[in-house]
Amino acid sequence: MTKSLILYFSMSGSTKKAAQQLQRLTDADMFRIESKDPYPMDYSQYAEVAENQMNNNIHPDIKKLPDFTEYDQIYVGFPAWWAMPPMIIHTLFEKSDLSDKNILGFITSMSTSAEEVAPTFKKLVTAANANYLGIYRAPISDRNLKAIFKN
């Protein structure tokens, strides 16, 4: 039997809602990714910080991460910013031992498709020696999950 974890980074609450919906479908544990230095709460201010991080390849420190040893499957959710994962997601894969974990990403976005984010996300997953299972734009349906995890 496999144990699953949903990791999510959310600023506006959309990704949190998607993570909660996914949790109802999977009964996975859930953990929110937070920056050690909190982002501003105002959209225009956190967008400015996020854009600076992206333009300057700044990977912000994460406040705390769970112990990944007990999990086989990990869902990673985040808003797509400029068709990319936020830089804190880069930090997640650089600072965590996710070797041999099955990783499925999910994004929230008003305009970006999962296909646009997929190349960067796949590169992060494979560089962490984890198994890339795909990436989907939320909401994720029960049918999609069954197709991904046939076991």
Side-chain angles (χ1 to χ4, degrees), residues 2-114 116-140 145 148:
T2 59
K3 189 164 181 184
S4 299
L5 173 67
I6 300 166
L7 292 172
Y8 73 95
F9 172 71
S10 185
M11 290 300 302
S12 69
S14 296
T15 307
K16 179 180 180 180
K17 287 178 187 171
Q20 290 169 331
Q21 184 260 341
L22 181 59
Q23 186 182 40
R24 285 190 293 276
L25 293 172
T26 63
D27 199 33
D29 293 342
M30 195 160 63
F31 188 90
R32 180 178 181 181
I33 300 167
E34 296 179 82
S35 179
K36 195 172 193 179
D37 295 320
Y39 286 86
M41 294 308 294
D42 178 71
Y43 171 78
S44 62
Q45 292 175 340
Y46 77 71
E48 186 178 312
V49 169
E51 187 173 23
N52 180 56
Q53 289 174 347
M54 184 184 70
N55 290 339
N56 295 295
N57 201 30
I58 297 168
H59 300 185
D61 289 332
I62 295 174
K63 189 186 239 182
K64 180 183 173 186
L65 286 170
D67 178 4
F68 296 109
T69 56
E70 62 184 288
Y71 299 102
D72 302 305
Q73 298 175 158
I74 300 175
Y75 304 91
V76 180
F78 52 88
W81 289 348
W82 301 281
M84 300 278 294
M87 298 310 283
I88 198 165
I89 300 301
H90 293 249
T91 306
L92 168 69
F93 284 98
E94 292 168 355
K95 302 290 183 183
S96 305
D97 181 5
L98 299 171
S99 299
D100 300 320
K101 304 296 182 188
N102 295 318
I103 308 287
L104 172 67
F106 63 98
I107 67 163
T108 54
S109 175
M110 298 276 298
S111 59
T112 302
S113 70
E116 292 173 272
V117 180
T120 302
F121 187 70
K122 184 177 182 180
K123 191 180 289 185
L124 292 172
V125 172
T126 56
N129 296 313
N131 304 311
Y132 174 76
L133 298 181
I135 186 166
Y136 293 87
R137 186 170 163 173
I140 300 171
L145 288 176
I148 295 161

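Below, each value reflects all heavy atoms present in this structure, side chains not excepted, and no hydrogens, waters or symmetry copies. Since we're looking at a predicted model, the values are computed, not measured.
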4.5 Å side-chain heavy-atom contact, [X] and [Y]:
X      : Y      : result
Glu51  : Trp82  : yes
Asn102 : Ile74  : no
Met54  : Met84  : yes
Leu22  : Phe106 : yes
Gln20  : Met30  : yes
Phe93  : Val125 : yes
Val76  : Leu92  : yes
Asn131 : Thr126 : no

Straight-line distance of [X] [atom1] to [Y] [atom2], nearest 0.5 Å:
X     : Y      : atom1 : atom2 : value
Asp97 : Lys95  : CG    : NZ    : 13.5 Å
Ser12 : Tyr46  : OG    : OH    : 5.0 Å
Asn52 : Met87  : CG    : CE    : 10.5 Å
Gln73 : Lys101 : CD    : NZ    : 10.5 Å
Leu5  : Gln23  : CG    : CD    : 10.0 Å

Considering all heavy atoms, the nearest [X]-[Y] contact:
X      : Y      : result
Pro119 : Glu116 : CD-O, 3.7 Å
Ala80  : Ile107 : CB-CD1, 4.1 Å
Pro85  : Thr120 : CD-CG2, 3.7 Å
Leu7   : Pro66  : CD2-CG, 4.0 Å

- [ ] Please report the C-alpha distance between Thr112 and Val117 in whole Å, then the side-chain angles of each, then the deciding distance to 0.1 Å, and finally whether the side chain to side chain contact (heavy atoms under 4.5 Å, CB included) criterion is met.
- [x] CA-CA 8 Å; Thr112 302; Val117 180; 3.6 Å; yes

Under 3.5 Å, side-chain donor or acceptor atoms of residues 58-65 against the rest of the protein: list the pairs with distances, not counting sequence neighbours.
unit_1	atom_1	unit_2	atom_2	d
His59	ND1	Glu94	OE1	2.8
His59	ND1	Glu94	OE2	2.8
His59	NE2	Asn57	OD1	2.9

Under a 3.5 Å cutoff, is there a donor and acceptor pairing between the side chains of [X] and [Y]?
X     : Y      : result
Tyr43 : Glu48  : no
Tyr71 : Asp29  : yes
Thr15 : Thr108 : yes
Ser35 : Asp37  : no

TODO: Keeping the roles fixed (side chain from Ser96, backbone from Leu98), state whether a donor-acceptor pair exists under 3.5 Å.
DONE: no

Open item on the list: Would you say the ring centers of Phe31 and Phe68 fall short of 6.0 Å from each other?
Closed with: no

TODO: Please report the C-alpha distance between Ile33 and Ile88 in whole Å, then the side-chain angles of each, then the deciding distance to 0.1 Å, and finally whether the side chain to side chain contact (heavy atoms under 4.5 Å, CB included) criterion is met.
DONE: CA-CA 8 Å; Ile33 300 167; Ile88 198 165; 4.0 Å; yes

Task: Phe78 and Phe121: CA distance, side-chain angles, deciding distance, ring-ring contact (aromatic ring centres under 6.0 Å, His included) verdict - done: CA-CA 11 Å; Phe78 52 88; Phe121 187 70; 5.6 Å; yes

Task: More than 12 heavy atoms from other groups under 6.0 Å of CG on Asp27 - done: no

Open item on the list: With side chain to side chain contact (heavy atoms under 4.5 Å, CB included) as the test, pick out the partner of Pro79 among Pro86, Ser109, Ser10.
Closed with: Pro86

